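Structure, as structure tokens:
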Amino acid sequence: MIQEETYDVAVIGAGATGLAAAAETAGAGRSTVVIDREELPGGILRQCIHNGFGINYFKEELTGPEYATRITRIAEEAGAVFALGSAVTDVKRLPDNRFGLVALSAERGVVRYTARAVILAMGCRERTRGNLAVPGTRPAGIYTAGSAQKLLNRDGALPGTSAVIVGSGDIGLIMARRLRWCGIEVKAVIEIMPQPSGLPRNIAQCLDDFGIPLYLEHAVTNIGGAKRVEYVDVAPLADGIPNASKTFRIQCDTLLFSVGLVPENELSRQLGVELNPATGGARVDSGFQTSVPGVFAGGNVLHVHDLVDFVSEEAALAAKAALRYLDGAPPPERNRVRVEANLKYVVPGYFSRNLNTVFSFRPLITADAAQLTARLDGEIVWKRRLRSIRPAEMIKVELPGTLLNRSGDLVFSLETELEA
């Protein structure tokens, strides 16, 4: 028999985003269910045993499991209900403007949930070798950085004895250090870009401190091995094309890919949510409401974050907006926000007049100093000088509502030529 349950809020995903959102809505007295396909809440945090989490959100330094445990407890004590080991397979708006969700689980079978609001918190998945179309054989010993991290930190198994890591993303850098701590030789990190894609502190602590070489503007051009990886061929890039004449071979039995994340937005598409091609996530307003009224999004399903603290802060804002929606607040005004020079994207994609709004950006340049400028309807309303601009580090600024005091397009640009 199919079971049915009704809530004010359905949160899809029990990682840092979903837990922070659920703590807000349940704490405000709204019945909240958190649905996740994993058997335990916490998401990727449970396998991130290194510290560095919680400095902003909890005002102290925690490991990933500590952060997950703490934010789970907060959500539980607020009254959130958990439906774990459950995969949401269908979500849609119902004729009465509520939302219907179908979840499958080994324990309960099919469960139908009805909710007045939905918070999307599905996070990301890793890009794989297939996304890069790296040629070669298909032996054992090829992992994404996250899967190797789970194998090592949660299952207690060594992925190999000698490794090469493709991509200098933060998970890959942290795994380089973790592998070395476990006695696995890390031969090299290979990065196609002219600069690392991970945070500078991770380059210093995970590569430099261990003498692990980083090859910038290089690519793996071939994977060799029969039953197990035996070597990879690497070549420098010239205008993005491998220079075959300078190819060199690295002997290894393990290959890790840390080549970016893709927001999990299959359910968003089911709902008809408008997506932003620059982020792969939903286009949201200043309250993190999507193009579908009553559907909110936050965290890595919206855009890839550097710090889990930012994920939780963003989720709390989305949850507060969901509470306003449930209270019958009128739909917010939506004025478009765009980016121009040297910025890949901005979140949120819309602002409301007279409302303080936090904006997040991903820069496209590396610079020691630059100026971030905001123009509203063509007029400069705000500017700030920034230091140490890196594509790996998100820029976050808050503009007061007193500056966002009229309608029109809000356009941000990042210039290296500083104005007086």
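Throughout, residue positions are numbered sequentially from 1 according to the sequence presented. What you see is a predicted model, and the numbers here were worked out from it, not measured in a lab.
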**Prompt:** Taking the six-membered ring of Phe310, is NZ or CZ of Lys396 closer than 6.0 Å to its centre and within 45° of its axis?
**Reply:**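 The answer is yes, since Lys396 meets both limits relative to Phe310.
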Got a donor-acceptor contact below 3.5 angstrom from the [X] side chain to the [Y] backbone?
X      : Y      : answer
Thr357 : Leu355 : yes
Lys150 : Asp155 : no
Asn202 : Cys206 : no
Arg129 : Val134 : yes
Thr290 : Val295 : yes
Asp36  : Pro41  : no
Ser352 : Glu333 : yes
Ser147 : Thr144 : yes
Asp8   : Thr32  : no
Asn265 : Gly280 : yes

Are [X] and [Y] side-chain neighbours, meaning at least one heavy-atom pair lies under 4.5 Å?
X      : Y      : result
Ile184 : Pro159 : yes
Val358 : Val397 : no
Tyr113 : Val88  : no
Arg283 : Pro277 : yes
Glu24  : Lys320 : yes
Pro332 : Arg324 : no

**Request:** Please work out which of the three classes, parallel, tilted or perpendicular, describes the rings of Phe412 and Trp382, given edges at 30° and 60°.
**Result:**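 Ring orientation, 0 to 90° scale: perpendicular.
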Side-chain donor-acceptor contact under 3.5 Å, [X] with [Y]:
X      : Y      : result
Glu185 : Ser162 : no
Glu313 : His305 : no
Asn153 : Arg178 : yes
Arg228 : Thr254 : yes
Glu340 : Ser413 : no
Thr221 : Asp233 : no
Tyr345 : Ser360 : no

Is the shortest side-chain N to carboxylate O distance from [X] to [Y] below 4.0 Å?
X      : Y      : result
Arg125 : Glu266 : yes
Arg249 : Glu230 : no
Asp327 : Arg30  : yes
Arg390 : Asp306 : no
Arg338 : Asp409 : yes

Heavy-atom pair with the smallest gap, counting every atom of [X] and [Y]:
X      : Y      : value
His50  : Ile174 : NE2-CD1, 3.4 Å
Tyr143 : Ala148 : CB-CB, 4.1 Å
Ser168 : Leu173 : O-CD1, 3.5 Å
Ala319 : Ala21  : CB-O, 3.5 Å
Ala121 : Gly18  : CB-N, 3.6 Å
Tyr57  : Ala20  : OH-CB, 3.9 Å

**Asked** Can you check side-chain contact (heavy atoms from CB on, under 4.5 Å) on Val232 and Cys252, steps first, answer last?
**Response** CA-CA 7 Å; Val232 295; Cys252 62; 4.3 Å; yes
**Request:** Assess whether side-chain contact (heavy atoms from CB on, under 4.5 Å) is satisfied between His218 and Glu191, documenting all intermediate values.
**Result:** CA-CA 6 Å; His218 282 68; Glu191 171 60 58; over 6 Å; no
Should the heavy atoms of other residues, nucleotides or ligands under 6.0 Å from [atom1] of [X] be counted, would the total exceed 12?
X      : atom1 : result
Arg37  : CZ    : no
Ile192 : CD1   : no
Glu60  : CD    : yes

**Request:** Please name all residues satisfying side-chain contact (heavy atoms from CB on, under 4.5 Å) with Glu66, sequence neighbours left out, ordered by chain then number.
**Result:**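 Applying side-chain contact (heavy atoms from CB on, under 4.5 Å) to Glu66 gives Leu62, Thr63.
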**Asked** Does the pair Leu214 and Ile212 meet the rule for a side-chain contact (heavy atoms from CB on, under 4.5 Å), with working shown?
**Response** CA-CA 7 Å; Leu214 170 62; Ile212 298 172; over 6 Å; no
**Prompt:** Given the side-chain rings of Tyr67 and Phe58, with only the six-membered ring counted for Trp, is the space between their centroids under 6.0 Å?
**Reply:** yes
**Prompt:** Does the ring center of Phe248 lie less than 6.0 Å from the ring center of Tyr215?
**Reply:**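 When the ring centroids of Phe248 and Tyr215 are compared, they turn out to be within the sub-6.0 Å range.
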**Request:** Check the pair Leu132, Val259 against side-chain contact (heavy atoms from CB on, under 4.5 Å), reporting the backbone distance first and the verdict last.
**Result:** CA-CA 9 Å; Leu132 274 65; Val259 290; 3.6 Å; yes
**Stepwise salt bridge (charged side-chain N to carboxylate O under 4.0 Å, His left out) check, Arg108 with Glu5** = CA-CA 12 Å; Arg108 302 182 63 190; Glu5 298 181 7; 2.6 Å; yes
**Item:** Candidates Val34, Leu45, Leu19, Leu40 - the one meeting side chain to side chain contact (heavy atoms under 4.5 Å, CB included) with Thr72
**Value:**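 For Thr72, the side chain to side chain contact (heavy atoms under 4.5 Å, CB included) test succeeds with only one of Val34, Leu45, Leu19, Leu40, which is Leu19.
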